[in-house]
**Student:** 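The structure's right below; bear with me while I get my questions together.
By convention in this document, chain letters (A, B, ...) are assigned in the order of the sequence lines, proteins followed by strands, and residues within each chain are numbered from 1.
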There are 2 protein chains.
Amino acid sequence: MRDTRAELLAQAEILVRGRGYSGFSYGDLAEAVSIRKASIHHHFRTKTDLALALVEAYDARYDAALAAIVAAQPDAIARIEAYGRHYLTGVENGLGCLCAVLAIERDTLPDALRAELARFFDKHIAWLERVLAEGCADGSLRPGLDPAATARMVVATLEGALMLERLLAGSAGFRLTLAALCESLRPARTG
Amino acid sequence: MRDTRAELLAQAEILVRGRGYSGFSYGDLAEAVSIRKASIHHHFRTKTDLALALVEAYDARYDAALAAIVAAQPDAIARIEAYGRHYLTGVENGLGCLCAVLAIERDTLPDALRAELARFFDKHIAWLERVLAEGCADGSLRPGLDPAATARMVVATLEGALMLERLLAGSAGFRLTLAALCESLRPARTG
DNA sequence: AAAAATCTACCTACTAGATGGTAGCCATAA
DNA sequence: TTATGGCTACCATCTAGTAGGTAGATTTTT
């Protein structure tokens, strides 16, 4: 038996990330999953409920990814590069970041959703701040680097590059930005 | 006599930048400008026409701004900081970048509009690349910095920070990222 | 200068289709 | 037997866009 709810989440995510939240409808989703529009309401009572579920699932996947990066990569720069590669898959599939897409429509978003988005980004910033602070401590990062400010900058850069390069040069463009970002964190070459 | 077309452009820009392109309607705009919905079609035949006019006007304002920055600031870092301050006004007013907002809905955008957006961003990247190349030449930037890659990174960072800090910490958060960005471009302190 | 024609900018009234959401029915599986 | 997960059929509202009209300004012709 198929897991309709999971299919709805998967297809809705693709639609939202490609066209924006207002830009996708239950009608589109129904077509993508081949059930009737009204049946979606059985799984997600309102569109807001669906959006919240999307963010929750997306957030959970990132939780796992961040933990995996820390486990696999000992070096701060390698961790940030690995983190950036998650955004890269978005570029490769032509999909924006779910939370960035939703954030764009901030003014019309329900408060609960807006709060979830803020939590999502705050979590990433906090994670990066720890990664950067550790890198500063062990000398693998440019001396004088401010972990708090740089953490915000890293999220901003990757989110911006995903938005930008999905439109412009695709993964080739994204890789340039990711490389420049990592380079800017490294200590100056001595020699 | 009032310039209805200009008022329509101004209000539509605010609406789009706050709620997304699909998230605003001729109905909203009519209310904001206090004319009837049908009358908007007299000035902008279709919603796509309106979007194109919005981008054109936005682009023209940035053209002027970029020229003014080059004229006023001799130093590369100062130029990038001044460029960043234009995004800051967006954060302060709670408005996203018009072109970023539109870019989010890429998959449903008319080709002509998508092409305009690409031209907009390409222009910014090209401008920054020149600024950075000059800064490299006169030694005011970190040695070894790649102007082409860094230009993309700068646009990405500022666009991302605008998206992010409009949701999170406002101008205080944006300023942190802008400072970290400029710091990352400077030559390493000797001492 | 007067009259006629055209243009501008708005209006009311409308359309066809999409939107999110509801009510209630029915088959199947636990 | 009872929940589950679909369905059809609906609803009010909103969507971009059209048709056709009107008052007033501007331009053209006489």
**Student:** What's the CZ-P distance between B:F44 and D:dT15, to the nearest Å?
**Tutor:**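 So the two atoms are 19 Å apart, to the nearest Å.
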**Student:** Give the nucleotide from the list C:dA9, C:dC11, D:dT4 with an atom nearest to the side chain of A:H42.
**Tutor:**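 When the side chain of A:H42 is considered, D:dT4 is the closest of C:dA9, C:dC11, D:dT4.
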**Student:** Please state how far atom CG in A:D3 lies from atom P in D:dT4, giving the value in whole angstrom units.
**Tutor:**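 So the CG-P distance, A:D3 to D:dT4, works out to 14 Å.
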**Student:** Any chance you could lay out the salt bridge (Lys or Arg N to Asp or Glu O under 4.0 Å) test for B:R79 and B:E134, step after step, and finish with the verdict?
**Tutor:** CA-CA 11 Å; B:R79 284 172 177 177; B:E134 279 184 42; 3.4 Å; yes
**Student:** Check whether B:N93 reaches the backbone of B:L95 with its side chain - one donor and one acceptor, N or O, closer than 3.5 Å.
**Tutor:**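 Side chain of B:N93 to backbone of B:L95, a donor-acceptor pair under 3.5 Å: no, none is there.
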**Student:** Rounding to a whole Å, what distance do you find between B:Y26:OH and D:dG17:C1'?
**Tutor:**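 Going from B:Y26 (OH) to D:dG17 (C1'), I get 9 Å.
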**Student:** Kindly check if the number of other-residue, nucleotide or ligand heavy atoms within 6.0 Å of CZ (B:R114) is above 12?
**Tutor:**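 For B:R114, atom CZ is crowded (more than 12 foreign heavy atoms under 6.0 Å).
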**Student:** Calculate the interatomic distance between A:I40 atom CD1 and C:dA23 atom C1'; express it in whole Å.
**Tutor:**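 That distance rounds to 17 Å.
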**Student:** Please state whether the phosphate of D:dC7, meaning OP1 or OP2, lies under 4.0 angstrom from any side-chain nitrogen or oxygen of A:S39.
**Tutor:**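 Yes, such a contact exists.
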**Student:** B:I35 CD1 to D:dT22 P: how many Å, rounded?
**Tutor:**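 So the CD1-P distance, B:I35 to D:dT22, works out to 20 Å.
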**Student:** Quick one: is A:T4 getting a side-chain N or O under 4.0 Å of the D:dG5 phosphate, OP1 or OP2?
**Tutor:**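 It does not, given that no N or O in the side chain of A:T4 lies less than 4.0 Å from OP1 or OP2 of D:dG5.
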**Student:** Return whichever of A:D28 or A:A38 has its heavy-atom-nearest nucleotide of DNA chain C closer to the 5' end.
**Tutor:**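 The 5'-side residue here is A:D28.
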**Student:** Under a 3.5 Å distance rule, please check whether B:R152 uses its side chain to pair with a backbone N or O of A:L176 as donor and acceptor.
**Tutor:**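 Side chain of B:R152 to backbone of A:L176, a donor-acceptor pair under 3.5 Å: no, none is there.
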**Student:** Within this structure, what is the NE2-to-C1' distance between B:H41 and D:dT18, rounded to whole angstrom?
**Tutor:**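 Atom NE2 in B:H41 sits about 8 Å away from atom C1' in D:dT18.
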**Student:** So for A:K37 and C:dG20, does any side-chain atom that can act as donor or acceptor lie under 3.5 Å from a complementary atom in the base?
**Tutor:**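 Yes, a donor-acceptor pair under 3.5 Å.
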**Student:** Go through C:dC11, D:dA16, C:dG20 for me and flag the one nearest to the A:K47 side chain.
**Tutor:**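 From the listed options, C:dG20 comes nearest.
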**Student:** Scan side-chain atoms only and decide if B:S171 and B:E165 contain a donor-acceptor pair under the 3.5 Å cut-off.
**Tutor:**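 Result is no, nothing qualifies.
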**Student:** Between A:H43 and D:dG6, is there a side-chain N or O to OP1/OP2 distance below 4.0 Å?
**Tutor:**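 Checking A:H43 against D:dG6: at least one side-chain N or O falls below 4.0 Å of OP1 or OP2.
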**Student:** With sequence neighbours left out, what residues match B:Y26 under ring-ring contact (aromatic ring centres under 6.0 Å, His included)?
**Tutor:**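 With neighbours one apart ignored, the set is B:H41.
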**Student:** Would you call the rings of A:Y83 and A:Y87 parallel, tilted or perpendicular, where under 30° means parallel and over 60° means perpendicular?
**Tutor:**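 Ring orientation of A:Y83 relative to A:Y87: perpendicular.
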**Student:** C:dT12 phosphate, OP1 or OP2: any side-chain N/O from B:R36 under 4.0 angstrom?
**Tutor:**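 Checking B:R36 against C:dT12: at least one side-chain N or O falls below 4.0 Å of OP1 or OP2.
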**Student:** Please work out which residues in residues 15-24 of chain B have a non-hydrogen atom less than 4.0 Å from an atom of DNA chain C and list them by number.
**Tutor:**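 Residues of residues 15-24 of chain B under 4.0 Å from DNA chain C: none.
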